[in-house]
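Every value quoted in this text rests on a predicted model; they were computed, and no experiment measured them. In this chain, residues are counted from 1 in sequence order.
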Amino acid sequence: IIGYSIPAFLIYTLFAVIPIVYAVILAFYDWKGLAGTPVAFVGLNNFKRVFSNPQFYTAFLNMFIHIILNVVVQLPLGYFLAILM
């Protein structure tokens, strides 16, 4: 039984675990992407910069409103209309 779960575990690790770990590691570095600039370790400065930016809170509020509207309004309305049909 374990032999059958090994391919699923490998695929999950390859496409979910490794990118998440890599994103967490990159969060502590200053990297401009593929522009050829060197990667520099900056520690928590990226997080300080994000949390001190007022646009972050606006984007977070917009995302929260979007989630609430989808879950509280759109999903029940879609179920209701599906039941009516």
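Around the CD1 atom of Ile2, the shell of radius 6.0 Å holds no more than 12 heavy atoms that belong to other residues, nucleotides or ligands. More than 12 non-hydrogen atoms from other residues, nucleotides or ligands lie less than 6.0 angstrom from CZ of Phe41. Counting non-hydrogen atoms of other residues, nucleotides and ligands closer than 6.0 Å to CZ of Phe56 gives a total above 12.
Tracing side-chain contacts under 4.5 Å through hydrophobic residues (I, L, V, M, F, W, Y), one never reaches Ile20 starting from Trp31; they form parts of separate clusters. Linking Ile, Leu, Val, Met, Phe, Trp and Tyr residues whenever their side-chain heavy atoms come within less than 4.5 Å leaves Ile6 and Phe9 in two separate clusters. In the hydrophobic clustering of ILVMFWY residues, with side-chain heavy atoms under 4.5 Å counting as a link, Ile83 and Val73 come out apart. Tyr29 is connected to Val24 through a chain of hydrophobic side-chain contacts under 4.5 Å among Ile, Leu, Val, Met, Phe, Trp and Tyr, so both are in one cluster. A continuous path of hydrophobic side-chain contacts links Val39 to Leu44 [ILVMFWY only; heavy atoms under 4.5 Å].
In this structure, the side chain of Tyr57 engages the main chain of Phe51 through a donor-acceptor pair within 3.5 Å. Remark: the backbone N or O of Val42 is not paired with any side-chain donor or acceptor of Asp30 at under 3.5 angstrom. Remark: side-chain polar atoms of Asn70 are not paired, donor with acceptor, to backbone N or O of Leu75 under 3.5 angstrom.
From Phe64, atom CZ reaches atom CD1 of Ile67 across 8.0 Å, with rounding to the nearest 0.5 Å. With rounding to the nearest 0.5 angstrom, the CE atom of Met63 is 10.0 Å from the CD1 atom of Ile68.
Under the 4.5 Å side-chain criterion, counting only non-hydrogen atoms from C-beta, Val50 is not in contact with Phe47. Taking 4.5 Å as the limit, every side-chain heavy atom of Phe28 sits out of range of all side-chain heavy atoms of Asn46.
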Under the criterion side-chain contact (heavy atoms from CB on, under 4.5 Å), I'd like the reasoning laid out for Leu77 against Leu81: C-alpha separation, chi angles, the key distance, then a yes or no. CA-CA 6 Å; Leu77 182 64; Leu81 291 175; 4.2 Å; yes
